[in-house]
Amino acid sequence: MSEMTEQESQLVNLLADMNEDEAVALAKRMLLEEGADPMRVLELCRKGMDIVGKRFEEGEYFLPELVLAGEMLENIGAIAKPLIKQAPGSEPKKIAKVLIGTVHGDLHDIGKNIVTFMLDINGFEVKDIGVDVPVATFVDEIKDFNPDVVGLSGFLTLAFDSMKETIEAIHGAGLRDKIKIMIGGGQIDETVKNYTGADAFGSNAIDAVTLCKNWAGVAA
Ligand code: B12
């Protein structure tokens, strides 16, 4: 991310240091009083989460801190999201259908929720089927909803196998050729994409929108 102002690094540090009240208050002030770009604020949150994740890995933080981090993110997201909705360029007509969920074994959903939201405001009809979604549920939902694109989200390393299993099951059900599959989440890259058999991966919500627009033949 580009260089941060003093205020921006203050927000990142408040998040990283678990100062919930102050972090939320500062984000609120930036967004509602100072007109900060909501996408930029979400990016700062992500940066804060990277530090939290690192401290967790190093044994400085434990599960309660991860839970609190998730809470802070939800709170700031709730303030930021309606402001994004006001951005111009959102299309009233639905471009294509996207089914999205977090694969089985994985409960992380904040990133997926941002993707869902961004697809929605960019004109896609999105069905979000939640977290820890069993393989069979994905297959049933595809039959039922008939999406053009399926998005699989996962933040844990074990999610790679869940994604692979899910895509194999979609293939086994004879549905693979009808849909495009994108994957995303914390540690997803080209290698994981190839391992799972997905069509593409995205590192953030903007990528998800770009992929879906390209597949739908709409200028991104
Ligand atoms: C918050 C958090 C939690 C919260 C989640 C709350 C929630 N409702 O989601 C809770 C406390 C529940 C949690 C639990 C656990 N967590 Co956790 N968690 C995190 C943390 C700190 C932030 C994740 C997050 O939400 N980031 C914010 C979002 C916005 O980030 P983002 O990546 O930028 O999101 C974008 C992309 O991912 C992309 N995207 C997402 N989905 C999709 C889908 C598609 C199709 C596309 C194209 C794009 C896309 O778009 C998003 C928006 O731009 C991360 C650390 C980190 N740095 O990520 C650890 C982390 C993911 N957790 C980790 C671990 C280990 C766990 C636990 C196992 C801990 C434990 N011992 O119990 C449990 C697992 C529970 C389970 N079965 O899933 C590890 C995973 C390590 C690994 N290699 O597997 C991490 C990396 C921390 C670490 N460094 O060790 N966690």
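This one's a predicted model, so the numbers in the text were calculated from it and none came from an experiment. As the structure lists them, so they are numbered: ligands from 1, and atoms in each ligand from 1. In what follows, every heavy atom counts, from backbone to side chain, and hydrogens, waters and symmetry copies are set aside.
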J.: Taking atom 57 (N) of ligand 1 as the point of reference, which of D50, T116, I114, L15 owns the nearest heavy atom?
T.: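 Going through D50, T116, I114, L15 one by one, D50 has the nearest heavy atom to atom 57 (N) of ligand 1.
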J.: Any idea which protein heavy atom is nearest atom 53 (O) of ligand 1, and the distance to it?
T.: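 Here the closest protein heavy atom is A205 N, 2.9 Å.
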J.: With a 4.0 Å cut-off on heavy atoms, is S203 touching ligand 1?
T.: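 Per 4.0 Å heavy-atom rule, S203 contacts ligand 1.
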J.: Checking side-chain hydrogen bond (donor to acceptor under 3.5 Å, both in side chains) against K112, which of T102, D106, D128 comes through?
T.: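 With K112 as partner, side-chain hydrogen bond (donor to acceptor under 3.5 Å, both in side chains) holds for just one option, D128.
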J.: Counting only heavy atoms, tell me which of L63, D109, L107, I110 gets closest to atom 78 (O) of ligand 1.
T.: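 Shortest heavy-atom distance from atom 78 (O) of ligand 1: L107.
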J.: Provide the number and element of each atom of ligand 1 under 4.0 Å from a heavy atom of D106.
T.: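 Counting from 1, the qualifying ligand atoms are 78 (O).
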J.: Give the atoms of ligand 1, by number and element, whose distance to some non-hydrogen atom of M49 is under 4.0 Å.
T.: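 Those qualifying, in numeric order: 55 (C), 56 (C), 57 (N).
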J.: Which pairs count as ring pair (Phe, Tyr, Trp, His ring centres under 6.0 Å) when at least one residue sits in residues 145-191, sequence neighbours excluded?
T.: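 Found H108-F155.
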J.: Using a cut-off of 2.8 Å, how many protein N, O or S atoms sit around atom 17 (Co) of ligand 1?
T.: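 Number of qualifying protein atoms: 1.
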J.: Nearest 0.5 Å, please: how far is CG in D37 from CE in M30?
T.: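 With rounding to 0.5 Å, CE (M30) is 10.0 Å from CG (D37).
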J.: Provide the number and element of each atom of ligand 1 under 4.0 Å from a heavy atom of L73.
T.: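 Per the distance check, 25 (O), 27 (C).
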J.: If we set the cut-off at 4.0 Å for heavy atoms, which region of A69 has an atom near ligand 1: side chain, backbone, both, or neither?
T.: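 It is neither; nothing of A69 touches ligand 1.
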J.: Mark yes or no for whether D144, through its side chain, and D140, through its backbone, hold a donor-acceptor pair below 3.5 Å.
T.: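 The answer is no, because no donor-acceptor pair under 3.5 Å joins these two groups.
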J.: How far does CG of L152 sit from CE of M182, to the nearest 0.5 angstrom?
T.: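 Here the rounded value is 9.0 Å.
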J.: Considering heavy atoms of the protein only, find what lies nearest to atom 46 (C) of ligand 1 and give residue, atom and distance to 0.1 Å.
T.: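 Here the closest protein heavy atom is G184 CA, 3.5 Å.
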J.: Can you see which heavy atom on I183 is nearest to which on A198, and at what distance?
T.: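 In terms of heavy atoms, the two residues are closest at CG2-CB, 3.7 Å.
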J.: List the residues meeting salt bridge (Lys or Arg N to Asp or Glu O under 4.0 Å) with K193, not counting sequence neighbours, and say none if there are none.
T.: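 Result, salt bridge (Lys or Arg N to Asp or Glu O under 4.0 Å) vs K193: E190.
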J.: Does the protein put any heavy atom within less than 4.0 Å of atom 21 (C) of ligand 1?
T.: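 Within 4.0 Å of atom 21 (C) of ligand 1, protein heavy atoms are found.
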J.: What is the closest protein heavy atom to atom 51 (C) of ligand 1, and at what distance does it sit?
T.: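 Nearest neighbour among protein heavy atoms for atom 51 (C) of ligand 1, to 0.1 Å: G111 O, 3.6 Å.
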J.: Is there a side-chain contact between R55 and D17 in this structure, where contact means two heavy atoms from C-beta onward sitting under 4.5 Å apart?
T.: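 Yes. Closest side-chain heavy atoms under 4.5 Å.
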J.: Does any N or O in the side chain of E65 come within less than 3.5 Å of the main-chain N or O of F62, such that one atom is a donor and the other an acceptor?
T.: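 Flag set: sc E65 to bb F62 pair under 3.5 Å.
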J.: Any idea which heavy atoms bring A208 and L119 closest together, and the distance?
T.: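 What the structure gives for the nearest pair is O-CD2, 4.0 Å.
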J.: Do K47 and E8 meet the salt-bridge criterion of a basic N to acidic O distance under 4.0 Å?
T.: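 Judged by the 4.0 Å cut-off on N to carboxylate O distance, E8 and K47 do not form a salt bridge.
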J.: Below a 4.0 angstrom heavy-atom separation, can you tell me which part of M182, side chain or backbone, both or neither, approaches ligand 1?
T.: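 Looking at M182 and ligand 1, atoms from backbone and side chain both fall under 4.0 Å.
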J.: What are the two closest heavy atoms between G77 and P82, and how far apart are they?
T.: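 Nearest heavy atoms, G77 then P82: O-CD, 4.4 Å.
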J.: Under the 3.5 angstrom rule, does the side chain of N13 hit a backbone N or O of S9 as a donor-acceptor pair?
T.: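 Indeed, once roles are kept as given, a pair shorter than 3.5 Å links the two residues.
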J.: Which atoms from ligand 1 have a heavy atom of A208 less than 4.0 Å away?
T.: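 The list of qualifying atoms is 47 (C).
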J.: Of all the heavy atoms in D207, does at least one lie under 4.0 Å from an atom in ligand 1?
T.: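 Flag not set, D207 not near ligand 1.
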J.: Can you tell me the protein heavy atom closest to atom 86 (C) of ligand 1 and the distance?
T.: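 Ranked first by proximity to atom 86 (C) of ligand 1 is Q187 NE2, 3.5 Å.
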J.: How far is atom 41 (N) of ligand 1 from its nearest protein heavy atom, and which residue and atom is that?
T.: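 Nearest neighbour among protein heavy atoms for atom 41 (N) of ligand 1, to 0.1 Å: S153 OG, 2.7 Å.
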J.: At what distance, to the nearest 0.5 angstrom, does CZ of R29 lie from CG of L31?
T.: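 The distance works out to 11.5 Å.
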J.: Using modelled atom types only, decide if a donor and an acceptor are shared between the side chain of D132 and the backbone of G105 within a distance under 3.5 Å.
T.: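 It does hold such a pair.
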J.: Under the side-chain hydrogen bond (donor to acceptor under 3.5 Å, both in side chains) rule, what pairs show up with a residue in residues 195-204, not counting sequence neighbours?
T.: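 Residue pairs with at least one partner in residues 195-204: D161-Y195, R176-D199.
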J.: Is a salt bridge present between D50 and K54, judged by a nitrogen-to-oxygen distance below 4.0 Å?
T.: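 Looking at K54 together with D50, the answer is no, because their closest N to O distance does not fall below 4.0 Å.
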J.: Please list the nearest protein heavy atom to atom 37 (O) of ligand 1 with its residue and the distance rounded to 0.1 Å.
T.: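 Its nearest protein heavy-atom neighbour is G185 CA, 3.2 Å.
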J.: Among all protein heavy atoms, pick the one closest to atom 33 (O) of ligand 1 and tell me residue, atom and distance.
T.: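 Sorting protein heavy atoms by distance from atom 33 (O) of ligand 1 puts R46 CD, 2.6 Å first.
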J.: Going by the order shown, which atoms of ligand 1 are within less than 4.0 Å of some heavy atom of L152?
T.: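 In order of number, 43 (C), 45 (C).
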J.: How close does the nearest protein non-hydrogen atom get to atom 89 (N) of ligand 1, and which residue and atom is it?
T.: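 I find the closest protein heavy atom is E57 OE2, 2.7 Å.
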J.: Is the closest N or O pair between G105 and ligand 1 shorter than 3.5 Å?
T.: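 G105 vs ligand 1: N/O contact under 3.5 Å present.
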J.: Would V115 and S153 count as a side-chain contact (heavy atoms from CB on, under 4.5 Å) here? Give the steps.
T.: CA-CA 9 Å; V115 171; S153 185; over 6 Å; no
J.: Give the single entry among T157, L119, L158 that approaches atom 82 (C) of ligand 1 most closely by any heavy atom.
T.: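 Closest candidate by heavy-atom distance is T157.
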J.: Please indicate, with yes or no, if any protein heavy atom is found under 4.0 Å from atom 12 (C) of ligand 1?
T.: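 Looking at atom 12 (C) of ligand 1, one finds that no protein heavy atom lies closer than 4.0 Å.
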J.: Short list, please: which atoms of ligand 1 are under 4.0 Å from a heavy atom of G186?
T.: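 Listed by number with element, the hits are 37 (O).
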J.: Should you measure from each heavy atom of V67, which atoms of ligand 1 turn up under 4.0 Å away?
T.: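 Going through ligand 1 atom by atom, the ones under 4.0 Å from V67 are 11 (C).
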